[in-house]
Colleague: 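I have a structure here, written as structure tokens, and I will follow up with some questions on it.
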Amino acid sequence: MRIATYNVNGVNGRLPVLLRWLETTKPDVVCLQELKAPQEKFPEKAIADAGYNAIWHGQKSWNGVAILARGMELKEVRRSLPGDDEDLHSRYIEAIINGMLVGCLYLPNGNPAPGPKLEYKLRWFERFAAHAAELLAYDVPVILAGDYNVMPTELDVYKPERWVDDALFRPEVRAAFKNIVDQGWTDAIRKLHPDETIYTFWDYFRNAYGRNAGLRIDHFLLSPHIDARLLAAGVDKDVRGWEKSSDHAPTWIEIADPEE
DNA sequence: ATGACATTCTACGAATGA
């Protein structure tokens, strides 16, 4: 089974790219971020025609997350991250699919830093850490996939020294990510490719994709049950080179069927 | 230090992103 995460950067503006990618790679489960569309403007019919059931939590102009499942039922568990009823950003949605708990997240960017946006990011991280710990305690198969807006290590950024003061790479942000991993989660890409330069984002400026000046910020964190079933992980890098592409590339894992 | 690019909207520039 293939599970993918993709920050689409506008689900309607990028719909042709999204549909082409779904048709080409046929992932079984897809976590989408940055829909940039209100709830009623999600392209439900086009997604259904492509063979996918979907749940989503939209928001006007910004944010927005969705989970798609190819020929499988989605049972929605929640559509916001617990811990702050005042937080109205659509950044988290969670469903049970085929016996797995799948959390789809769009972690705040945090720039400019320091400032209130970084503080919001760090608070969001604390809430996410608390929720992740609760999920681990359930002792069930869990996948937390999405745009974490963090490069975990220097291997994950084309020019680390340029990014040390940025909200995606500041020490406290990297520490917040590591704190969650250390609960007992597996960073799927890094487990299977420990020394390889792998990016999931290239910005639109200065031919970043052509120069491979990228960042690894889209991640899969796996609970032990899913970690034991991990077969492969990678990035559909060529999609970033398509016309009208998002600035992110789809990132995916393959997992084995559970043992009976 | 800035801006390069691309998205969205009771738009025609501003806010946001990473």
Side-chain angles (χ1 to χ4, degrees), chain A residues 5-19 21 31-43 46 56-66 87-92 104-122 124-125 128 145-174 176-177 189 197-219 235 237 239-251:
Chain A
T5 181
Y6 187 19
N7 179 321
V8 280
N9 190 12
V11 71
N12 288 305
R14 314 284 186 199
L15 190 58
V17 169
L18 174 61
L19 294 174
W21 168 70
C31 295
L32 297 177
Q33 304 86 33
E34 280 211 86
L35 303 179
K36 292 187 171 181
Q39 187 68 12
E40 63 275 15
K41 292 282 180 61
F42 183 82
W56 64 95
H57 191 189
Q59 181 183 330
K60 192 174 75 172
S61 300
W62 319 120
N63 310 314
V65 285
D87 181 5
L88 299 178
H89 291 198
S90 294
R91 295 184 177 274
Y92 189 79
C104 170
L105 65 135
Y106 175 45
L107 216 133
N109 176 303
N111 281 309
K117 294 197 173 185
L118 179 63
E119 290 164 27
Y120 172 58
K121 179 178 195 168
L122 294 171
W124 208 96
F125 246 126
F128 184 57
D147 178 356
Y148 284 71
N149 269 318
V150 184
M151 296 84 91
T153 73
E154 297 202 339
L155 185 54
D156 302 311
V157 48
Y158 67 98
K159 195 165 278 195
E161 66 276 15
R162 285 255 181 103
W163 288 83
V164 285
D165 293 327
D166 190 279
L168 279 66
F169 198 55
R170 293 169 69 92
E172 66 269 42
V173 173
R174 276 182 273 170
F177 181 82
I189 290 261
T197 296
I198 295 175
Y199 300 138
T200 67
F201 167 93
W202 298 261
D203 89 32
Y204 291 119
F205 310 148
R206 302 194 206 102
N207 189 33
Y209 181 65
R211 296 184 295 120
N212 198 29
L215 311 172
R216 189 175 75 95
I217 56 178
D218 299 275
H219 307 299
V235 178
K237 185 178 174 181
V239 174
R240 176 63 181 83
W242 292 358
E243 191 81 15
K244 293 280 286 177
S245 163
S246 168
D247 39 9
H248 295 248
T251 305

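Letters A, B, ... mirror the listed sequences (proteins, then strands); counts begin at 1.
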Colleague: Which value, in whole Å, describes the distance between the C1' atoms of nucleotides B:dA6 and B:dA11?
Modeller: 15 Å

Colleague: Mind checking the C1' distance from B:dC5 to B:dA18? Whole angstroms is fine.
Modeller: 12 Å

Colleague: Between B:dA18, B:dA6, B:dA4, spot the one nearest the side chain of A:Tyr204, thanks.
Modeller: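 Of B:dA18, B:dA6, B:dA4, B:dA6 is nearest to the side chain of A:Tyr204.
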
Colleague: For A:Trp56 and A:Phe42, take the angle between the two ring planes, folded into 0 to 90°, and tell me which bin it lands in: parallel under 30, tilted 30 to 60, perpendicular over 60.
Modeller: parallel

Colleague: With rounding to the closest Å, how many angstrom separate the P atoms on B:dT2 and B:dC12?
Modeller: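 Between the two P atoms, the distance is 25 Å.
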
Colleague: Between B:dA4 and B:dT16, how far apart are the C1' atoms? Round to whole Å, please.
Modeller: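 The same atom, C1', in both gives a distance of 16 Å.
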
Colleague: State which residues pass side-chain contact (heavy atoms from CB on, under 4.5 Å) with A:Glu119; sequence neighbours excluded, sorted by chain then number.
Modeller: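 side-chain contact (heavy atoms from CB on, under 4.5 Å) check on A:Glu119 returns A:Arg123.
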
Colleague: How far does the P atom of B:dT10 sit from the matching atom of B:dA15, given to the nearest Å?
Modeller: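 Pairwise P distance, B:dT10 against B:dA15, rounds to 15 Å.
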
Colleague: Please pick, from B:dA18, B:dT8, B:dT10, the nucleotide with the shortest atom-to-atom distance to any side-chain atom of A:Asn111.
Modeller: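 It is B:dA18.
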
Colleague: Answer yes or no: side-chain N or O of A:Asn149 and base N or O of B:dA18 forming a donor-acceptor pair under 3.5 Å.
Modeller: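 Checked by distance alone, the answer is no.
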
Colleague: Starting at the 5' end of DNA chain B, which residue's closest nucleotide do you reach first, A:Ser245 or A:Trp163?
Modeller: A:Ser245

Colleague: Output the single nucleotide from B:dA18, B:dA6, B:dT10 whose closest atom is nearest the side chain of A:Phe201.
Modeller: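 From the listed options, B:dA18 comes nearest.
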
